[in-house]
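Here's the structure we're looking at; comments come further down.
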Amino acid sequence: MSVTVHSVTPEFVAEVGDVDLARPLDPADLAAIRAAFTRHAVLVFPDQHFDDDSQLDFARHFGPLETTVFKARQGHKLRLHENMADVGNLDAENRILDTSDRQRLYNLGNRLWHTDSSFKRLPAYCSMLHARSIPPIGGQTEFADMRAAYDALPEATKRRIAGLVAEHSIMHSRAKLGFADFDAGEREAFKPVPQVLVRRLPDSGRLSLYIASHIGAIRGMADDEANKLVEELTAHATQRQFVHSHRWRVNDLVIWDDRCTMHRGMDFDDQRYARDMRRATVSDVAPTCEQMGMAVAAE
Ligand code: OGA
Ligand code: MN
């Protein structure tokens, strides 16, 4: 039996059944999954029984994998494979992270609207998050459709933001939460990088906003004006009509297109419940300015 795709809305989010992603994939199934992904930008695959290796193997069908940002930190003990982003609330011994734990405070940045790795020169194409354990209440993940949000902008705003370049750094999003505990290696690795504010997706041809809490500046614009613009665009793009909230079940795999969505994790009682969530992330093909045919100076 081949994959079944069930749309949540015609253009955003679909559920996909009748496929076991931990086993070698039929090329026709992979093609159907990729077509659904181009259209819907977020796909939910229930009941996927992955270990870390099979999750990473599935992700490799979409391109080369990223390495976790925790590797930039001197002395950080990884719980998972270095290609896996550890976004749960457990330490290397699988104990719940204490409220004052650095990794917990760092991961609180995932509660702000963002897209993954826009702070890397070569950002993410897509993310694949698997739920190994979940809290019984809270801890949903929300997704916003940045293509629909772009389409709905007033024409004057579209003209105003065309061609703008923003500076993204993970230190900017963490600073919004008062977190600044970065060592010298991290400060070097997390220097701001330029990304376009509006991008065209080569596969669907659609235009999309490309914003995140990682933005700290817009080139050629005063900081107060830039902050206000990013705040307004974020408020616009995360209105209810553009947002889907995912309530996790154990063994859900959710994959999202980082080029044209934002997401955020919702609050839960993280001192009471374990939430073991593991993310494989696929790199995009080129920096966004390059993809939009713009020559941009490094600093
Ligand atoms: C992520 C992320 C939010 C969540 O995995 O990139 O931001 O709900 N996760 O865990
Ligand atoms: Mn994320």
Side-chain angles (χ1 to χ4, degrees), residues 13 41-45 48 50 52 55-56 58-59 62 65-71 78-90 96-97 101 103-120 123-146 168-174 176-177 179 190 195 210-215 234 237-238 243-270 273-284:
V13 189
V42 177
L43 299 180
V44 177
F45 299 86
Q48 298 299 325
F50 285 124
D52 291 0
Q55 184 180 344
L56 294 171
F58 171 65
F62 288 70
L65 301 186
E66 286 192 353
T67 302
T68 173
V69 287
F70 291 157
K71 255 201 111 180
L78 292 179
R79 184 173 74 102
L80 307 174
H81 189 286
E82 67 170 36
N83 289 135
M84 203 64 109
D86 191 358
V87 295
N89 65 337
L90 303 176
I96 286 184
L97 296 170
D101 188 278
Q103 184 178 327
R104 173 180 177 276
L105 296 171
Y106 188 103
N107 276 347
L108 284 179
N110 290 336
R111 307 270 177 97
L112 304 178
W113 283 110
H114 67 284
T115 188
D116 292 331
S117 302
S118 64
F119 55 84
K120 295 183 181 172
Y125 159 40
C126 64
S127 298
M128 309 194 166
L129 187 60
H130 190 235
R132 305 291 170 93
S133 60
I134 53 158
I137 54 173
Q140 300 91 331
T141 305
E142 292 190 335
F143 297 93
D145 184 348
M146 308 304 282
H168 294 238
S169 168
I170 196 167
M171 294 193 288
H172 292 143
S173 50
R174 272 49 189 171
K176 289 177 184 150
L177 299 170
F179 181 94
F190 300 152
Q195 306 288 3
Y210 191 61
I211 55 174
S213 54
H214 305 310
I215 294 180
T234 304
T238 57
V243 172
H244 171 83
S245 178
H246 181 67
R247 141 70 37 213
W248 291 94
R249 297 152 296 195
V250 170
N251 291 325
D252 276 350
L253 179 80
V254 177
I255 78 177
W256 61 86
D257 188 335
D258 283 296
R259 304 170 309 171
C260 61
T261 59
M262 285 206 290
H263 61 278
R264 66 172 178 181
M266 302 305 282
D267 187 36
F268 71 104
D269 188 344
D270 76 346
Y273 303 119
R275 184 174 186 267
D276 186 355
M277 307 286 286
R278 306 180 183 199
R279 191 187 84 215
T281 315
V282 177
S283 295
D284 204 347

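Start at 1 and go down the list; that is how both ligands and their atoms are numbered. Just so it is clear, the values below take in all heavy atoms, side chains as well, and ignore hydrogens, waters and symmetry mates.
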Tell me which part of Trp256 gets within contact of ligand 1: side chain, backbone, both or neither, using heavy atoms under 4.0 Å.
side chain

Please confirm whether Arg275 approaches ligand 1 to less than 4.0 Å, judged on its heavy atoms.
yes

Which of the N/O/S atoms in His263 sits closest to the Mn ion (ligand 2)?
NE2

In terms of relative ring orientation, are Tyr106 and Phe70 parallel, tilted or perpendicular, with 30° and 60° separating the classes?
perpendicular

For residues Phe268 and Ile134, determine if any side-chain heavy atom of one lies less than 4.5 Å from a side-chain heavy atom of the other.
no

4.0 Å heavy-atom contact, His114 with ligand 1:
yes

What is the nearest protein non-hydrogen atom to atom 6 (O) of ligand 1, stated with its residue, atom name and distance?
Arg279 NH1, 2.6 Å

List the steps, then state whether side chain to side chain contact (heavy atoms under 4.5 Å, CB included) holds for Leu65 with Leu56.
CA-CA 8 Å; Leu65 301 186; Leu56 294 171; 3.7 Å; yes

Indicate whether the side chain of Asp116 and that of His263 have a donor and an acceptor atom separated by less than 3.5 Å.
yes

Could you walk me through whether Gln55 and Arg132 satisfy the side chain to side chain donor-acceptor pair (under 3.5 Å) test, starting with their C-alpha distance in whole Å, then the side-chain angles of each, then the deciding distance to 0.1 Å, before giving a yes or no?
CA-CA 12 Å; Gln55 184 180 344; Arg132 305 291 170 93; 3.0 Å; yes

Under a 4.0 Å heavy-atom limit, does Met277 contact ligand 1 with its side chain, its backbone, both, or neither?
neither

Of all the non-hydrogen atoms in the protein, which one sits nearest to atom 9 (N) of ligand 1, and at what distance?
Leu129 CD2, 4.1 Å

Determine which of the N, O or S atoms in His114 is closest to the Mn ion (ligand 2) and give its atom name.
NE2

Indicate the atoms forming the closest heavy-atom contact of Thr261 with Val42, along with that distance.
CG2-CG2, 4.1 Å

Going by the atom numbers of ligand 1, which of them fall below 4.0 Å from some non-hydrogen atom of Asp116?
6 (O)

Residue His263 vicinity, atoms of ligand 1 by number, heavy atom under 4.0 Å:
1 (C), 2 (C), 6 (O), 7 (O)

Determine the interplanar angle of the His168 and His214 rings, folded into 0 to 90°, and report it as parallel if under 30°, tilted if 30 to 60°, perpendicular if over 60°.
tilted

Find all atoms of ligand 1 within a distance of less than 4.0 Å from any non-hydrogen atom belonging to Thr141, and give their numbers and elements.
4 (C), 8 (O)

Please indicate whether any nitrogen or oxygen in Arg264 is less than 3.5 Å from any nitrogen or oxygen in ligand 1.
no

Which atom name would you report as the N, O or S atom of Asp116 nearest the Mn ion (ligand 2)?
OD1

Walk me through whether Phe50 and Arg278 qualify under side chain to side chain contact (heavy atoms under 4.5 Å, CB included).
CA-CA 10 Å; Phe50 285 124; Arg278 306 180 183 199; over 6 Å; no

Any Phe268 heavy atom less than 4.0 Å from ligand 1
no

State plainly whether the residues Arg259 and Asp284 are in salt-bridge range, i.e. N to O under 4.0 Å.
no

